[in-house]
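Report on the following structure.
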Amino acid sequence: MTVPFVLAVPSKGRLQENTEAFFTRAGLALAKPRGARDYRGTLTGLDNVEIAYLSASEIASQLARGMVHLGVTGEDLLRESIPDADKRVLLIDSLGFGSANVVVAVPQAWIDVRTMADLDDVTTGFRAQHNRRMRVATKYINLTRNFFAAHGVVDYRIVESAGATEGAPAVGTAEMIVDITTTGATLAANGLKVLDDGVILRSQANLVASRDADWSAEARETARVILDHIAARARASQYREVRTRFTGCNEALLNEAHNRFGVVAPFGGPTSSGMLTLHCPPMHLYALGSFLREHGADTVSIASLDYVLDRENPLFARLETFLRQ
Ligand SMILES: Nc1ncnc2c1ncn2[C@@H]1O[C@H](COP(=O)(O)OP(=O)(O)OP(=O)(O)O)[C@@H](O)[C@H]1O
Ligand SMILES: O=P(O)(O)OC[C@H]1O[C@H](OP(=O)(O)OP(=O)(O)O)[C@H](O)[C@@H]1O
Ligand SMILES: [Mg+2]
């Protein structure tokens, strides 16, 4: 019996939809053959892959324990729940969604407290005056400890919070908080402000590999195929395809296009009839089109790319290096 390759994806919340869309764009359709309430799924076309639908925090701990091969979860959860995270898991690629900052926030009323150094003074003064330590409400216990230690802040105590952390100062269960914020609306609504140097981590969703999973030859091959799909899509979305034909095209012109517009010529220089295919970053398309016409092209067509399959697979290369270390 072959052991399935397990890919863990968020089962709910804001990460779920984005993760599904991400795999779909890469040409990997997640399916739930036994219905929407099933927490096991499949990846169309890859028979030995099992999708595990788990909460984002559960994905971080399953990756740490080697129970899943690949997973999508927030960097905040990985760094909080895995000591020495960079040894246990590989953040293969950040995915551009699920962005949130883990921050130190204090009441806006503390007008003289703007930095971690100010906080150090205040916590020390508080302890001397009240004979107890200031309380920090958070679920990010390890991130908080490390960050406060790095700033030399020691006169505090953590109060573990399971939710509605921003409310803690107002209800009097803590003086300040460490929590995640995206728009800042929840902090503002609770009369809190982020310290100027109080961003502990800029987090986003990542595609993550576990070191301790069963990386058999078959599992590696499955990872290669999955990451090949993802890399092909990523490569495609960084460029548009520009096609034109003109006889005056030469290497000097291509070099200039490369230097000025970041253009690459994936299939080499022009064909004998002068046909030229270029890949150009979206922001330079018009400038490139103008440049090509100035140098003799009559018509330039621009099209978006769905996938670009390269011999190189930078994502899988990263995984192989990590597993070898
Ligand atoms: N504004 C935000 N607030 C909270 N989490 C966000 C935000 N934006 C992105 N995220 C990401 O989503 C993760 C939380 O996802 P979610 O709440 O679904 O999972 P969970 O906290 O593990 O589950 P549960 O709430 O059931 O314990 C965060 O850790 C973070 O990586
Ligand atoms: O900066 P903002 O855009 O206001 O977002 C931040 C808030 O969003 C999240 O809570 P959520 O509503 O997801 O509840 P949860 O604690 O159950 O995850 C997070 O825990 C913050 O409280
Ligand atoms: Mg949550």
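One-based numbering, in listed order, for ligands and for the atoms of each. The residues of the chain are indexed from 1 along the displayed sequence.
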Polar contacts were defined as any N/O atom of the residue lying under 3.5 Å from an N/O atom of the ligand; does this apply to [X] and ligand 1?
X      : result
Ser57  : yes
Thr181 : no
Glu75  : no

Of the choices [options], which has the non-hydrogen atom that lies closest to [atom]?
atom                    : options               : value
atom 10 (N) of ligand 1 : Arg14, Lys12, Gln204  : Arg14
atom 15 (O) of ligand 1 : Gly74, Ser11, Ala56   : Ala56
atom 13 (C) of ligand 1 : Thr183, Leu15, Asp179 : Leu15
atom 9 (C) of ligand 1  : Ser203, Gly163, Gly98 : Gly98

Which bit of [X] is near ligand 1, meaning a heavy atom under 4.0 Å away: side chain, backbone, both or neither?
X     : value
Glu58 : neither
Glu80 : neither
Thr73 : neither

Judged by non-hydrogen atoms, does Ser99 sit under 4.0 Å from ligand 1? yes
Shortest non-hydrogen pair, Ser203 vs Asn101, comes out as N-OD1, 4.3 Å
Does the N or O separation between Gly184 and ligand 2 drop below 3.5 Å for any pair? yes
Partners meeting side-chain hydrogen bond (donor to acceptor under 3.5 Å, both in side chains) with Thr321 (sequence neighbours left out): none
Other members of the hydrophobic cluster containing Val103, with the 4.5 Å side-chain heavy-atom rule, please. Ile177, Leu187, Leu192, Val194, Val199
Contacting atoms of ligand 2, where contact means under 4.0 angstrom from a heavy atom of Arg14: 8 (O), 9 (C), 10 (O), 11 (P), 12 (O), 13 (O)
Side chains of Arg135 and Tyr156, heavy atoms from C-beta outward: is any pair under 4.5 Å? no
Does the side chain of Thr123 pick up a donor-acceptor pair with the side chain of Asp155 at under 3.5 Å? no
